[in-house]
Amino acid sequence: MATPDDVDRIIEQWRRERPELDLAAMATFGRLGRLFAHLGRAVDETFTRFDLQRGEYDVLAALRRSGAPFVLTPSALSDVLMLSRAGMTNRLDRLEAAGLVERRANRSDRRSMLIALTETGATLTDEVTTLHVANESALLSDLTPDERHHLDTITRKLLSRFE
């Protein structure tokens, strides 16, 4: 039996007050929420070391994994990252000011522009991604490979309901 945690204490309080409720899902959501908060902070530490916010890294990573020449339209970036056009503009402004991306005219459509990863941006993205992947692996190191596989399978199944 696992050591009782804060979620167990909350569930026990609800059981005392509302014994007729099935609280199993509440316990799972409580743990997932707490885990997400802890993991989010741990993941963000890698980005902070490079003066990046997670959302900015997401833009750089989307450009980098798009393949050479590492260029996308702002609307394509917004779609890939599920972000509003206004939110994308703010991220692009900061990344452009840092010299990590540049806006270029779109020769095939004069009404739009292209966002290109600069050489500095590509180098930084590769460095951050290497550390980010190592950090994520370390964060899951308490799980066996089999447990990691099962966790991936379960989260994929839950996510499929929404995507």
Side-chain angles (χ1 to χ4, degrees), residues 1-67 70 72 74-95 97-98 100-101 115 117 121-163:
M1 175 81 184
T3 304
D5 61 12
D6 289 338
V7 174
D8 288 320
R9 288 182 268 288
I10 291 167
I11 295 302
E12 189 51 42
Q13 290 170 335
W14 275 117
R15 258 193 204 109
R16 183 185 67 237
E17 297 300 317
R18 299 288 310 274
E20 78 281 8
L21 295 177
D22 178 359
L23 301 167
M26 180 184 273
T28 300
F29 274 91
R31 285 189 181 87
L32 287 172
R34 294 171 71 86
L35 185 60
F36 180 76
H38 289 297
L39 290 174
R41 284 190 295 274
V43 165
D44 287 345
E45 288 176 10
T46 299
F47 306 135
T48 302
R49 289 173 44 196
F50 294 89
D51 195 30
L52 289 172
Q53 296 173 11
R54 184 186 313 203
E56 294 165 347
Y57 170 77
D58 290 344
V59 171
L60 297 173
L63 287 166
R64 177 64 178 88
R65 70 177 181 261
S66 72
F70 314 121
L72 293 169
S75 59
L77 281 167
S78 293
D79 292 344
V80 166
L81 300 176
M82 298 181 290
L83 184 67
S84 72
R85 304 300 195 251
M88 181 57 64
T89 298
N90 291 335
R91 289 181 188 179
L92 293 175
D93 287 345
R94 181 162 150 72
L95 292 169
L100 303 175
V101 302
I115 306 302
L117 197 57
T123 300
L124 178 71
T125 303
D126 284 347
E127 182 179 357
V128 174
T129 300
T130 299
L131 294 173
H132 174 53
V133 169
N135 184 40
E136 286 181 328
S137 292
L139 290 169
L140 294 177
S141 65
D142 290 341
L143 302 178
T144 66
D146 193 48
E147 289 170 330
R148 287 170 68 165
H149 173 75
H150 288 302
L151 179 61
D152 188 56
T153 300
I154 291 166
T155 55
R156 180 187 312 273
K157 183 176 182 178
L158 288 172
L159 190 59
S160 71
R161 176 181 205 176
F162 300 99
E163 295 186 345

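Side-chain atoms are counted along with the backbone in the values below, which use heavy atoms only and exclude waters and symmetry mates.
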How many angstroms lie between CG in L131 and CZ in R49, if you round to the nearest 0.5 Å?
5.5 Å
Partner of L72 under side-chain contact (heavy atoms from CB on, under 4.5 Å), chosen from V59, L63, I115
L63
Specify whether F47 and Y57 have parallel, tilted or perpendicular ring planes, treating 30° as the upper limit for parallel and 60° as the lower limit for perpendicular.
parallel
As an exercise, state the distance from OG of S78 to CG of L92, rounded to the nearest 0.5 Å.
7.5 Å
Can you tell me how far CG of L39 sits from CG of L140, rounded to the nearest 0.5 angstrom?
7.0 Å
Between R94 and D51, is any pair of side-chain heavy atoms under 4.5 Å apart?
yes
Assess whether a salt bridge exists between D5 and R34, defined as any Lys/Arg side-chain N lying under 4.0 Å from an Asp/Glu carboxylate O.
no
In Å, rounded to the nearest 0.5 Å, how long is the span from CZ of R148 to CG of L151?
9.5 Å
Tell me whether R91 contacts the main-chain N or O of G55 through its side chain, where contact means a donor paired with an acceptor under 3.5 Å.
yes
Can you tell if the side chain of R85 reaches within under 4.5 Å of the side chain of P74, non-hydrogen atoms only?
no
CD-CD distance between E17 and E12, expressed to the nearest 0.5 angstrom
10.5 Å
Distance in Å, I10 CD1 paired with L23 CG, rounded so as to fall on 0.5 Å steps:
11.5 Å
Hey, does the side chain of D44 reach the backbone of R54 with a donor-acceptor pair shorter than 3.5 angstrom?
no
Measure the shortest side-chain to side-chain distance between L60 and L52 over non-hydrogen atoms and say whether it is less than 4.5 angstrom.
yes
Please check if the side chain of S141 supplies one atom and the backbone of S137 the other of a donor-acceptor pair under 3.5 Å.
no
Taking all atoms of both residues into account, what is the closest heavy-atom pair of L81 and A62, and its distance?
CD2-CB, 4.4 Å
Any non-hydrogen side-chain atom of V80 less than 4.5 Å from a side-chain atom of R65?
yes
Out of the candidates R156, H149, H150, only one should pair with D152 under the side-chain hydrogen bond (donor to acceptor under 3.5 Å, both in side chains) rule; please name it.
R156
Are any side-chain N or O atoms of T129 and backbone N or O atoms of D126, one a donor and one an acceptor, separated by less than 3.5 Å?
no
Salt bridge or not between R31 and D8? Use side-chain N to carboxylate O under 4.0 Å.
yes
Closest approach of A27 to V7 (non-hydrogen atoms, all atoms of both residues)
O-CG1, 3.6 Å
